[in-house]
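To keep things clear, I will list the structure first and then write my remarks on it.
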Number of protein chains: 2
Amino acid sequence: MALELPELRSFLVLAQHLHFGEAAGALHVTQPALTKQIQKLESKVGGPLLVRGYRRVSLTPAGEILRERAQGLLREAEMAEEITRLAVHGKAGLLRIGFGIASLAAGLPDILTRFRQRFPAVQVSMADMSTPNQISALEQGDIDVGFVRLPVEHPDLETVPVLEERLVAAIPRGMPYRKGLASLRNEPFVVISRSVSSSFVDHVARTCRAAGFSPRIVQEVNELFTVLNLVRGGVGVSLVPRSANLMHVPNVRLVDTGLEEAKWKIGLAWRKANSRGADSFDPLVHNFIRLAYRPRGVAPAVDLKPLPR
Amino acid sequence: MALELPELRSFLVLAQHLHFGEAAGALHVTQPALTKQIQKLESKVGGPLLVRGYRRVSLTPAGEILRERAQGLLREAEMAEEITRLAVHGKAGLLRIGFGIASLAAGLPDILTRFRQRFPAVQVSMADMSTPNQISALEQGDIDVGFVRLPVEHPDLETVPVLEERLVAAIPRGMPYRKGLASLRNEPFVVISRSVSSSFVDHVARTCRAAGFSPRIVQEVNELFTVLNLVRGGVGVSLVPRSANLMHVPNVRLVDTGLEEAKWKIGLAWRKANSRGADSFDPLVHNFIRLAYRPRGVAPAVDLKPLPR
DNA sequence: CGAGTGCCATTCCTGCAGGTTATCAAAATC
DNA sequence: GATTTTGATAACCTGCAGGAATGGCACTCG
């Protein structure tokens, strides 16, 4: 026969009071009930846990040992209940977030900060990957939500827009820009590598085409920061997310293109609640989306500061 | 409402099988009973722990979290029960042993070795103190058993003889010893300090008196090993427990006195089971005594009853 | 498209674990 | 020896956990 928690609770209270009558009162039961509980407990462990003397109850060495264990056990049981309760309401557990090149700088840090403030018991893990990779990671259950480039058409995924970004030209200080983006038609371009985010490269090409030219790409690199530094070094120009201004690379100007094609939306994507074979909707995801998505039309979750200069 | 172990057990089995019918079978209950248990559990934590899909049951994130906790909880509950059961039968817990100058070398290490072999879960703490100090430590509950010089007359203590020791003369190699202990009547004596064990010093004096002289003590030290080395260095001679031969100090001869007065008995002492106000008899003490006391022709001073069930 | 199947939920019933009341028993005090 | 204190026991009662039967949903298959 196995120990059960109610018995242990009774035993602990009795170990405090060392008096059957009082302990029974504290437990809101009558004294015989407590006597029977303790007797059952003692029969389970095969011997006495308490010594009943005249007007004096005391713990045996074995009782002392059980008392320590029981205390820990009950405390852990309470904690298990509490954390599970939190998890059920999306306030505890592990949330795996995917994010891409742009969302990191744009508004994600702020969203994360607010989320961790509001749900401190939630463990967050971040995975840096492109939009297509995020989509397959979502499908396979490797991440729970992702910051993806919209639009996403996928039968098992839902999305909501949370950020708006646009490409801006990154040029060395002093380079002429009178005629807008078209001024760069003959400049060499440095861009993020196609293997990092082909959709981003496509977007750069599309934007240039709207300005009437096709970019001559002379260098591909893996990091946005590298792009800006190559621009600074005069290797070429580039089109980068507007939020790149947060990186503060000196002698590099970020200037708006004024083109509608330069804009794009970043949204949150997650598995639909009843997608075939999938788990039910994770309340953690729900809480994260609610916090990230503030419906003011398509107002960005984070205000981008005006460009310097 | 608090979580209880039976629910958690059911939940764990269900989490393994992910099938109500099978899990119920493994638990030896019917499926509706399991359904109700899980429902109760879910109502306690305030939300679903499992998703019931078509021919597919899966854990929610919260369920996953509870599963981890529940596993640890049940394992610890089992351990608590097991160790308490051991403690009840005197096979776990803490045994505090007092011992004196002689018992350490004489037979205690062997007894201890056998005890730890037989009761590996018992934690042993040793306290080095003289017989009178052990007696008062026993009275106050600071130690559980003690190796004391017999006889002990005390209303609350019981004893049993376990070892027999005798004093032997420790003399430098080459010193004449034709006439036995009386040969040393004019030699300077080195002895253990009175503050360490006055009864031991008394015994040395008593033994010398039996040989017809009173020892001239020129040096008192705190350690038996020091005594032997002073003998080796020619500072004086001494009477030491026979077991001092285990220390192997070169150029020191240990020779028997042949005197009946040189002998003494070492016994185990412990609190009587029903001494006023004390706890009941500690089964650990019982086991220790039984192991230490091996009647070899000596009638037992006390009969050891089997432990009450 | 309707019958078939697998599987969890619901309902109703029963036995017993665990509680209550009343009483007993042992030990110490007056 | 009567009284008091306090845990154990006995007898009874009841809510709830578990069993048996059935329902109902979702998907499959001929």
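Quick note: numbers below take in every heavy atom, side chains included, and nothing from hydrogens, waters or symmetry partners. This structure is a prediction, so every number in the text was calculated from the model and none was measured. In what follows, every chain begins at residue 1, and chains take the letters A, B, ... in the order their sequences are listed.
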Protein proximity profile, nucleotides 9-16 of chain C - base contact B, sugar-phosphate-only contact S, no contact -, cut-off 4.0 Å on heavy atoms: BB-B----
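Every residue two or more places apart in sequence or in another chain that forms a ring-ring contact (aromatic ring centres under 6.0 Å, His included) with A:Phe288 is listed here: A:Phe115. The side chain to side chain contact (heavy atoms under 4.5 Å, CB included) check on A:Ser136 picks up A:Glu139, with sequence neighbours excluded. Scanning for ring-ring contact (aromatic ring centres under 6.0 Å, His included) contacts around B:Phe20 gives an empty result, with sequence neighbours left out. Contacts of A:Val29 classified as side chain to side chain contact (heavy atoms under 4.5 Å, CB included), with partners at least two apart in sequence or in another chain: A:Ala24, A:Leu27, A:Ala33. In this structure, the side chain to side chain contact (heavy atoms under 4.5 Å, CB included) partners of A:Ala77, at least two apart in sequence or on a different chain, are A:Leu5, B:Leu73. Taking the side chain to side chain contact (heavy atoms under 4.5 Å, CB included) definition, one finds that A:Arg85 meets it with A:Glu81, A:Glu82, A:His89, sequence neighbours left out.
Side-chain nitrogen and oxygen atoms of A:Thr30 include at least one within less than 4.0 Å of the OP1 or OP2 phosphate oxygen of C:dT20.
A straight line from CG of A:Leu41 to C1' of C:dA17 spans 16 Å, rounded to a whole angstrom. Between the CD atom of A:Gln37 and the P atom of D:dA8 there is a distance of 13 Å, given to the nearest Å. Between B:Leu27 atom CG and D:dA17 atom P the separation is 16 Å, expressed in whole Å. D:dT6 atom P lies 13 Å from atom CG of A:Leu18, rounded to whole Å. Regarding A:Glu42, its CD atom lies at a distance of 12 Å from the C1' atom of D:dA8, rounded to whole Å. One atom, CZ of A:Arg9, and another, P of C:dG18, lie 13 Å apart when rounded to the nearest Å. Atom CD1 in A:Ile38 sits about 13 Å away from atom C1' in D:dA8, given to the nearest Å. The nearest whole Å value for the distance from the CD atom in B:Glu4 to the C1' atom in C:dA17 is 14 Å.
Comparing A:Tyr54 and A:Leu34, the nucleotide of DNA chain C nearest to each residue sits closer to the 5' end for A:Leu34. Between A:Arg55 and A:His28, the one whose closest nucleotide on DNA chain C sits nearer the 5' end is A:His28.
For the salt bridge (charged side-chain N to carboxylate O under 4.0 Å, His left out) condition, the pairs that include at least one residue of residues 87-99 of chain B, sequence neighbours left out, are B:Arg96-B:Asp144.
B:Gln39 and B:Thr35 share no donor-acceptor pair across their side chains, judged by distance under 3.5 Å alone.
Overall bending of the helix from C:dC1-D:dG30 to C:dC30-D:dG1, expressed as the angle between end axes built from five pairs apiece, is 10° (10° steps).
In this structure, A:Lys272 contributes its side chain and A:Pro155 its backbone to a donor-acceptor pair below 3.5 Å.
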